[in-house]
Amino acid sequence: MQSSEKHNVIGVLSGGILVRIGAVALWLVVWQFVASVIGNDLILVGPLVAVERLVHIMVSETFIPVVSFSFVRIALGFCIAFVVACALGVGASYSKLLKMVLQPVVSMLKSTPIVCIIVVLLIWVGSASVSGIAVFLVVFPAIYLATLQGIESSSHDMRCLLEVFDVGLVHQFLVDGYQQVLPYLIATSKNACGMAWKAGVAAELIGTPAGSMGLFIYQAKLLFEVGDVFAWTIAIVALSWFSEKCFVWLLTQSGTWALRLALPRYVETAYIDKADAKTLVHFQKATLGYDGNATATDFDFTLNMGNRVVVCDPSGTGKTTLINTIAGIIPLIQGQMNSASELRISLMSQQSLLIEALSAVQNVQLICGARITEHDIRAVLSELLSQDETSDLLDKPVCQLSGGQRRRVELVRALLHDSQLVLLDEPFSSLDAAAHEHAAQFVLKHLHGRALLVASHATKEAQLLNATALELFNNKP
């Protein structure tokens, strides 16, 4: 970052801090003015008196035990609610039955006044445990709904791609599902932390368990110690703010931790020979289509190990449908498709599908890192991206790369994956003529005898890849 940019950033940050300090100072002045106008400490004390009482309370022997009593119960209720809500939210996103069962409970908890819940809890469990349970019941619906919304908004195409690459369910969740849920959880937690403290202290005020902050506030109210009421209130607000900042920071960092945890470690394995000339895919009298709409009928096609085929029909004739059908993403409408047992497939989709927060190296590592070292991944990426400035390109989050650079990262990922069949859907889109030809030579170099099926609009693709052209619409090579 240049010095001028640093000065601009510092200036913006300083300006924001000054504005916040000014806003706080304004309301302190208003508070002091209203207290001076009233002129009665039994009704309203000024900020100086409140701070004086807060200091007096903080230096007392009871302050730490009392704060600890309340903090432990509120934090425990919040954490249990967070974990349970996240687990049930994930479960409900995949199970309609579970979602239907939980819906009335969540709606009831959202609508029922917290005071009513606290009174019922006091009858059932007593005052000592009521604050933690009240926090749980208040926080649970918000976190559950945020998790459910995040999972349901995640990319179906990305999940399908990771399944084709045989990425395990846990790793899929860490790199995709959790990353989609995380922004919802962060936004909700900023409010949920404050809700937890409000519910917890309210439960203590009503139940007045011994040794709690609520009990001391209640006693201050009975003795008309308004300064102590304000002092305890300031302490609670400060604790709520601090808890929110710490939890949101940990939650934000957890996204990076999840991504790192999902990256596989290199394990040296024996080379798998892919030169066997067996049949990989065979279509017989097949009807291809999507959502019941047929794009090709009476389709007969066989793809053997080592075959290279380019489907070069116009848009809308079923090229992507053919690739997705072979990959197992969409089913046949009619007919038969027989695949080799335990067929390993590499897929490059028509749309760009990368884990945005990961770098180019890490995106390839996620799929291939268990059998290829990071050094080799960097070497192959540099080979294909040689026309670009690759010094820091490989370690940038892919969200910062251009469209052409992203496509080449996806191409490397597909070709380095241990597979028998490579499926490429519009692999050279977003590439200029020179990069296009270079990428085609790269594919030939790293195919290593595997079968190749490419969907493309370019008529010259078959020539560049030394492949057979197939007109899907007419169903003839």
Side-chain angles (χ1 to χ4, degrees), residues 12-13 16-28 31 47 50-51 54 57-58 63-89 106 109-110 114-115 117-118 130-150 178-205 212-214 216-217 229-258:
V12 170
L13 293 175
I17 294 173
L18 290 175
V19 169
R20 292 183 182 182
I21 293 175
V24 172
L26 173 63
W27 286 110
L28 288 175
W31 179 8
V51 171
L54 176 61
I57 291 171
M58 290 178 64
F63 181 75
I64 298 299
V66 168
V67 169
S68 300
F69 180 96
S70 298
F71 178 82
V72 168
R73 283 159 177 77
I74 292 172
L76 189 61
F78 180 90
C79 292
I80 293 176
F82 188 89
V83 172
V84 173
C86 287
L88 291 178
V106 174
L109 291 176
K110 285 174 57 183
I114 185 61
V115 175
I117 295 176
I118 292 170
V130 69
S131 59
I133 300 175
V135 168
F136 177 94
L137 297 176
V138 167
V139 171
F140 174 82
I143 301 299
Y144 168 81
L145 292 173
T147 303
L148 190 61
Q149 186 177 6
Y178 186 67
Q179 305 304 319
Q180 301 298 327
V181 171
L182 193 56
Y184 293 89
L185 291 180
I186 291 173
T188 302
S189 295
K190 291 179 179 179
N191 293 322
C193 288
M195 292 164 52
W197 277 94
K198 290 177 183 178
V201 174
E204 291 179 350
L205 272 167
S212 67
M213 297 175 74
F216 278 78
I217 296 174
V229 173
F230 275 87
W232 280 110
T233 302
I234 293 172
I236 292 168
V237 170
L239 287 168
S240 175
W241 177 85
F242 180 75
S243 301
E244 174 197 324
K245 296 301 179 184
C246 290
F247 186 77
V248 169
W249 180 84
L250 288 172
L251 203 56
T252 303
Q253 296 302 310
S254 70
T256 303
W257 299 336

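Computed from heavy atoms alone, side chains included, the values below leave out hydrogens, waters and symmetry copies.
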Closest non-hydrogen contact found for Ser243 with Cys193 is O-SG, 4.4 Å
I'd like to check the ring-ring contact (aromatic ring centres under 6.0 Å, His included) partners of Trp197; sequence neighbours left out, ordered by chain and number.
none
Sequence neighbours excluded, every pair satisfying side-chain hydrogen bond (donor to acceptor under 3.5 Å, both in side chains) that has a member inside residues 79-89
none
With sequence neighbours excluded, what pairs up with Thr252 under the side-chain hydrogen bond (donor to acceptor under 3.5 Å, both in side chains) test?
none
List the residues meeting side-chain contact (heavy atoms from CB on, under 4.5 Å) with Ala50, not counting sequence neighbours, and say none if there are none.
Trp31, Val45, Phe230, Ile234
Just how far is it from atom CG of Leu185 to atom CD of Gln149, taken to the nearest 0.5 Å?
10.5 Å
Residues in side-chain hydrogen bond (donor to acceptor under 3.5 Å, both in side chains) contact with Ser70, at least two apart in sequence or another chain
Glu204
Closest approach of Leu251 to Leu182 (non-hydrogen atoms, all atoms of both residues):
O-CD1, 3.4 Å
Point-to-point distance, once rounded to the nearest 0.5 Å, from CD1 of Ile236 to CD1 of Ile217:
3.5 Å
Sorted by chain and number, sequence neighbours left out, side-chain contact (heavy atoms from CB on, under 4.5 Å) with Val84 holds for Ile80, Leu88, Phe136, Phe140
What residues form a ring-ring contact (aromatic ring centres under 6.0 Å, His included) with Tyr184, not counting sequence neighbours?
none
Name all residues meeting the side-chain contact (heavy atoms from CB on, under 4.5 Å) criterion together with Pro183; count only those two or more places apart in sequence or in a different chain, and write none if there are none.
none
Spatial distance of atom OG1 (Thr233) from atom CG (Leu54) [nearest 0.5 Å]
10.0 Å
Does Trp257 have more than 12 heavy atoms from other residues, nucleotides or ligands lying within 6.0 Å of its CH2?
yes
Pairing residues for Val138 by the side-chain contact (heavy atoms from CB on, under 4.5 Å) criterion, not counting sequence neighbours:
Ile114, Met195, Ala199
Mind listing the closest non-hydrogen atom pair of Ala231 and Ile57 along with its distance?
CB-CD1, 3.7 Å
Drop me the distance from Leu145's CG to Thr188's OG1, to the nearest 0.5 angstrom.
8.5 Å
For residues Val106 and Pro141, report the shortest heavy-atom separation together with the two atoms involved.
CG1-CB, 4.0 Å
Separation between CD1 of Ile74 and NZ of Lys198, rounded to the nearest 0.5 Å:
13.0 Å
Taking all non-hydrogen atoms of both residues into account, name the closest pair between Ala196 and Val139 and its distance.
CB-CG2, 3.9 Å
List for me each residue that meets ring-ring contact (aromatic ring centres under 6.0 Å, His included) alongside Phe63, sequence neighbours excluded, and say none if there are none.
Trp232
Verdict with reasoning, Ile143 to Ser189, per side chain to side chain contact (heavy atoms under 4.5 Å, CB included)
CA-CA 7 Å; Ile143 301 299; Ser189 295; 4.1 Å; yes
Here the pair of heavy atoms bringing Ser131 nearest to Gly200 is CB-O, 3.6 Å
In Å, rounded to the nearest 0.5 Å, how long is the span from CH2 of Trp241 to CD of Glu244?
9.0 Å
